[in-house]
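All remarks here apply to the structure that follows.
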Amino acid sequence: MHKLTKENLPRHLAVIMDGNGRWAKQRMLRRIVGHQKGVETVRLIVEECSRLGISYLTLFAFSAENWLRPKTEVKALMALLKKYIRSEIARMMHNNIRFNVIGDRGELPVDINRVIDDAIAQTAGNSGMLLTLALSYGARQEIVHAARQIAIDAASGKIAIDDINEGLFSDYLYTTRIPEPDFLIRTSGEMRISNFLLWQLAYTELYFTDVNWPDFDKNELAKAFRDYQSRERRFGKTSDQVQVGGTAVGDITRHR
Ligand code: IPE
Ligand code: IPE
Ligand code: MG
C-alpha cells in the first residue's frame, strides 16, 4: 500500500455516511443509538479532514427519500441534527471551518433552519475548509430545480437560450462555486449512489468500504486516501496524455 502523501489528497471529498442502523442492530441497540454514534464519527472526520488540508468536505446526512422513514426516526434524526449543528459552531470557529447546507431547506423544520442560518452566518468569515451538509437533499430534485430556474430566467430575458451550457447549468445547482468532488466514500458495503450529487459525480473516483459509518475512523480515512492516491484520473484521455500533461485537473467541460 502507498504511503499517504499530503500533496495528492482530494480537494473535495464527498461522503455517503451509511450503516448507522445496521451498526446498532448488530449490537441489539436502537437505530437512533447508531445515529448518535455516527455523529461522533462526523466530528472526528471533519476535524481530520480539516487538519489534512482538505478544502471541501460534503457529507450526505439526510436524503429527500429519508423523509419516508418512520416518523419517530425522522424526528429523532432532526433533533440530533439540530443539537449537532448548534454544538459544533464553536469547534468550527476554532478550526476555521465554513459551514454550508445543500438540499431542499423548505422541507426542514423552522427551528433547524434557524440553527443552520446561525451556523452559516457565524462561520461565514472563516477561510479554511468548507463543510457542506446535504440535508433533505436529492440530486434529481436539485437538477429539476436548476432546470426550472433556468427556464424562469430565460423566459424573463435574464439569460439567452444560447447561454445555456454545462458551466451555466452547474451555476444553477445547489453546489454553485463548489468544485466537483474528486473522491466519494460510501460506507456500509452498499454500492450505489442513492440520488447523491448525480451531476457532480460525473468523473469522481468512487470508494466503497464495508465498514459501517460509526466504525469509520482516521485509519479508515487514511486507507481510503491511499487508494485515491494510487488511481490515475484520465477524464477520457489516454494514460500517456495524462502523464505527459502532469496531473489532470477535474474540469471535464473545459474544452467545450
Ligand atoms: C445512514 O445510516 C444515516 C442516514 C441515512 C440518516 P442508515 O440509517 O441508513 O443505516 P442503515 O443503512 O439502515 O444501516
Ligand atoms: C443514503 O443512505 C442517504 C444518507 C446517507 C443520508 P440510505 O440508507 O438512505 O440509502 P439507501 O436507501 O440504502 O439507498
Ligand atoms: Mg442506509
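If you read the sequence from its start, that first residue is 1, and numbering goes on from there. All ligand and atom numbering here is 1-based and tracks the order in the structure. Basis for what follows: all heavy atoms, side chains included, without hydrogens, waters or symmetry-related copies.
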Inset, instruction - Compute the minimum heavy-atom distance from Gly19 to ligand 1 and say whether it is under 4.0 Å. - result: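 Yes; Gly19 lies near enough to ligand 1 that a heavy-atom distance drops under 4.0 Å.
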
Inset, instruction - Taking only Lys NZ, Arg NE, NH1 and NH2, and the carboxylate oxygens of Asp or Glu, determine whether Glu190 and Arg22 approach each other closer than 4.0 Å. - result: yes

Legend entry - Residues Glu232, Arg234: salt bridge by 4.0 Å N-O rule: yes

Inset, instruction - Check each of Arg22, Glu73, Gln26, Glu190 against atom 11 (P) of ligand 1 and report the one with the nearest heavy atom. - result: Arg22

Inset, instruction - For atom 2 (O) of ligand 1, state which one of Leu135, Ile16, Asn20 supplies the nearest heavy atom. - result: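 Among Leu135, Ile16, Asn20, the closest heavy atom to atom 2 (O) of ligand 1 belongs to Asn20.
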
At what distance is the nearest protein heavy atom to [atom], and which residue and atom is it?
atom	result
atom 12 (O) of ligand 2	Arg192 NH2, 4.6 Å
atom 14 (O) of ligand 2	Ser194 OG, 2.6 Å
atom 10 (O) of ligand 2	Arg186 NH2, 3.3 Å
atom 5 (C) of ligand 1	Arg69 NH2, 3.4 Å

Inset, instruction - Would you please say whether a donor-acceptor pair under 3.5 Å links the side chains of His35 and Asn20? - result: yes

Indicate, as side chain, backbone, both or neither, the part of [X] found under 4.0 angstrom from ligand 1 when only non-hydrogen atoms are considered.
X	answer
Glu65	neither
Met17	backbone
Ala61	backbone

Legend entry - Check against salt bridge (Lys or Arg N to Asp or Glu O under 4.0 Å), Asp227 and Arg231: CA-CA 7 Å; Asp227 190 314; Arg231 300 187 188 190; 2.8 Å; yes

Legend entry - Numbered atoms of ligand 2 (with element) below 4.0 Å of Phe62, judged on heavy atoms: 6 (C)

Inset, instruction - Report yes if some N/O of Gly21 lies less than 3.5 Å from some N/O of ligand 1; otherwise report no. - result: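 Between Gly21 and ligand 1, an N or O pair is found under 3.5 Å apart.
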
Inset, instruction - Kindly confirm or rule out an N or O of Arg31 lying under 3.5 angstrom from an N or O of ligand 1. - result: yes

Legend entry - N or O contact, Ser63 vs ligand 2, cut-off under 3.5 Å: no

Legend entry - Element-labelled atoms of ligand 1 that are located less than 4.0 Å from some non-hydrogen atom of Asn66: 5 (C)

